[in-house]
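Okay, so here's the structure we're looking at.
In each ligand, atom 1 is the first atom listed, and ligand 1 is the first ligand listed. Worth knowing before you read on, the calculation uses all heavy atoms, side chains too, and leaves out hydrogens, waters and symmetry mates. Values in this document were obtained by computation on a predicted structure and should not be read as measured data.
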Amino acid sequence: MINKKIKFEIENLVKVLNEYSYQYYVEDNPKISDTKYDILYKRLEKLEKDNPELIKRNSPTQRVGDKILNKFRKAKHTVPMLSLSNTFSKEDLLKFDKKIKKNLNINNIEYICELKIDGLAVSIKYKDGILYEASTRGDGKIGEIITENISTIFSLPKELNRKENIEVRGEVYLPKKSFELLNEEIKNNNKKIEIENEKIEKENKIKKLKNLNLINKIKLQPLFANPRNAASGSIRQLDSKISSQRKLSIFIYNVIDSNQKTQEENLIYAKKLGLPINSNYKIFKNINDVLNYIDYWENNKQNLTYDIDGIVIKINDIKLQDMLGNTIKSPKWATSYKFPEQELVTKLVDITYSVGRTGMITPVAILEPIEISGSTITKASLHNKDVMEKLDIRIGDTVIVKKAAEIIPKVVKVMKEFRNKNSKTLVFPIKCPSCGQMLKKDEDTSFIFCTNNKCKQKNIKKIIHFSSKNAMNIEGLGDKQVELLFSNNIIKTVVDLYKIKKEDLLKIDRMGEKLATKILDSIEKSKISSLDKVIYSLGIPNVGEKSSKTLSEKYKNLQNFINCRFEELKNLDDFGDIMSNSIVNFLHQEENLNLITDLIKLGINPEYKDNNIKNSIFYKKEVVFTGKLSLITRNKAKSALEKIGARVSSSVNNKTDYIIYGEKPGTKLEKAKLMKINIISEQEFYKILSEINNEK
Ligand code: IVH
């Protein structure tokens with residue numbers, strides 16, 4: 001008997017996915033993230049596989065693509081524009097590799113990995129080397145003709161280097177910078193519209209009195225949610241003049257029927273014809289190296305000038321590709337690994353306002369708890385008053401929260417369609433939630449500040465910052481303990497930390513002998529912190545760890561630093577007017593100068609030491625890891641190496657200087673041995689690292 005629950009779930013998934021596809025493809029306004037769509041889609045696929053009798057004709061799994069808009073002329077794709085299957089985990093990818101090897105009955109497969117550009121797929125045809133027709137993917141069989149708009153892309157040649165008759169496929173995208181500028185422009189335009197609308201409103205008031213017809217207000221243009229939507233919206237502008245202003249770009253990833261032997265040769269051929277290709281592709285003979293390449297781009301994608309949403313993994317050999325063939329939707333010889341874009345839906349329970357060490361007030365969303373990659377999220381930043389007001393977030397709202405690796409979760413969207421009709425607009429406080437003083441707005445940044453130097457929360461946050469791990473690293477002294485010490489009048493400023501006695505500590509809740517000793521030892525140890533740590537711990541607005549390092553290199557000790565001048569600061573690497581001003585202002589305030597002099601009196605007066613990084617064996621060297629590290633993650637090891645001037649790459653080649661191996665090293669180690677590359681064990685690596693760090 002058919003399980004009613006499954007039938008109901010399938011029907012629901014089909015309905016929901018079809019709605020989402022419509023929002024995505026037709027309205028250009030997706031209501032959920034691609035990841036969520038893909039997860040739901042996979043669930044539907046699985047249910048249908050287990051219960052084929054329940055497959056619905058209108059199921060999204062039964063179509064190559066989705067509906068298309070009516071505005072443009074249509075073009076038929078003689079070679080269908082397929083999409084790619086998705087993998088979300090390393091295990092999925094290993095399965096993909098296994099399946100391919102089994103189906104082809106081959107043990108060694110060469111893969112080509114390319115960046116998965118986050119834009120929209122297009123097909124472009126050249127006749128005798130001249131661009132004559134371009135179209136979108138549409139439903140994979142029929143697309144929309146967008147030749148004029150495509151022709152406005154500067155990097156795409158209108159004429160090839162050879163008089164070929166070819167069709168190419170590629171991804172149109174909007175560079176991150178152009179996306180920001182575009183949204184900036186829309187914002188500015190909206191401001192003008194708002195002024196115009198105010199005038200209209202005034203005129204309408206008069207007209208109303210005179211019983212005349214009212215003038216319609218001008219509609220504001222919504223901002224684009226991301227570069228992909230902006231690119232898609234731009235290429236499908238009926239007015240190619242608008243399209244041309246959008247600074248679109250393109251990467252070609254395939255020349256159809258090019259008679260090349262491999263995908264790599266296909267790309268090189270495209271390049272020879274004068275077409276723009278993405279040069280970050282790489283060939284791998286081993287799936288484990290593919291995983292390293294994925295890791296690399298997951299950690300470095302933010303350095304690209306355009307968005308990528310994953311990695312495309314293709315069999316390099318075209319003959320093997322042909323042997324495997326395609327399903328109706330996607331090739332069997334390729335897949336895409338999607339980066340986890342952690343966007344989840346939850347509810348807003350409350351809003352609190354936190355006071356930072358600089359007095360900045362940050363609205364914080366208190367959320368119904370949600371799990372994001374193993375950790376529970378209960379709070380998300382709402383950034384500042386403007387952002388909060390623009391979101392028009394209200395208690396009880398359904399919200400989309402985004403969490404990128406190592407970044408504080410943010411509320412990115414409020415799903416107003418699910419809003420409770422009785423909800424009320426939230427009003428940002430006018431007084432400091434900690435001390436009650438009137439708040440002030442900084443006109444440059446739009447942030448709201450409490451300017452009271454005696455504000456309790458502000459001073460507590462200053463001490464928390466001072467003792468934090470990346471500052472003076474006072475172990476055992478958590479946020480709660482600082483608050484208690486402050487509330488019990490044991491400490492008022494960071495200088496008081498150095499006067500704390502054991503009996504003071506023992507007075508606070510849940511503080512035992514052991515923890516008290518640990519804290520006191522750690523406070524004592526903090527006196528020998530390096531100059532950059534001391535500068536960072538001062539909590540000068542806008543001065544982070546990197547700038548503190550630059551300041552310590554420049555001024556060598558605190559006395560010199562106190563006497564720094566604006567002009568000098570401005571000339572330092574990566575120092576602008578804002579940061580230089582902020583430092584000078586900080587040092588002009590008597591209480592800050594007193595604080596620094598008090599620290600010096602306590603013996604916290606480090607001299608900058610040129611460290612031994614340049615003498616380290618890894619300085620300016622290329623290093624490759626293989627196997628699993630037992631003590632720290634690859635990422636940590638990588639950033640430790642980068643800090644001492646090394647470059648970490650994923651494959652062994654003639655540029656590799658060292659290979660570091662952990663448990664179960666892969667074939668990279670064999671290759672390194674053959675190439676006589678220096679081999680270092682995981683343990684030797686830690687030893688070298690600790691020697692370098694001790695000399696620092
Ligand atoms: S190859 C047969 N390579 O990803 C499919 N696609 O979900 C051939 N994409 O529709 C696609 N970068 O829009 C390929 N380097 C790349 C790509 C790429 C982005 C897009 C493309 C495609 C979608 C597949």
Problem - Test ring-ring contact (aromatic ring centres under 6.0 Å, His included) applied to Y173 and F251, step by step - result: CA-CA 8 Å; Y173 66 95; F251 285 125; 4.9 Å; yes
Practice task
Give a yes or no on this: more than 12 heavy atoms of other residues, nucleotides or ligands lie within 6.0 Å of atom CD of E180.
Solution key: yes
Practice task
May I ask you to check whether S83 and S330 show a side-chain donor-acceptor distance below 3.5 Å?
Solution key: no
Handout entry: Sub-6.0 Å ring centroid separation between Y293 and F284
Key = yes
Exercise for the section: Please say whether the positively charged group of K301, taken as NZ for Lys or CZ for Arg, lies over the ring of F339, i.e. under 6.0 angstrom from the six-membered ring centre and within 45 degrees of the axis. Expected result: yes
Check ligand 1 for close polar pairs with the protein: N or O on both sides, less than 3.5 Å.
| from | atom 1 | to | atom 2 | distance (Å) |
| --- | --- | --- | --- | --- |
| ligand 1 | 3 (N) | K314 | NZ | 3.1 |
| ligand 1 | 4 (O) | K116 | NZ | 3.3 |
| ligand 1 | 7 (O) | L84 | N | 3.4 |
| ligand 1 | 12 (N) | I117 | N | 3.1 |
| ligand 1 | 13 (O) | E171 | OE1 | 2.4 |
| ligand 1 | 13 (O) | E171 | OE2 | 3.3 |
| ligand 1 | 15 (N) | E114 | OE1 | 2.9 |
| ligand 1 | 15 (N) | L115 | O | 3.2 |

Practice task
Check the side chains of T667 and N286 for a donor-acceptor pair under 3.5 angstrom, ignoring hydrogens and angles.
Solution key: yes
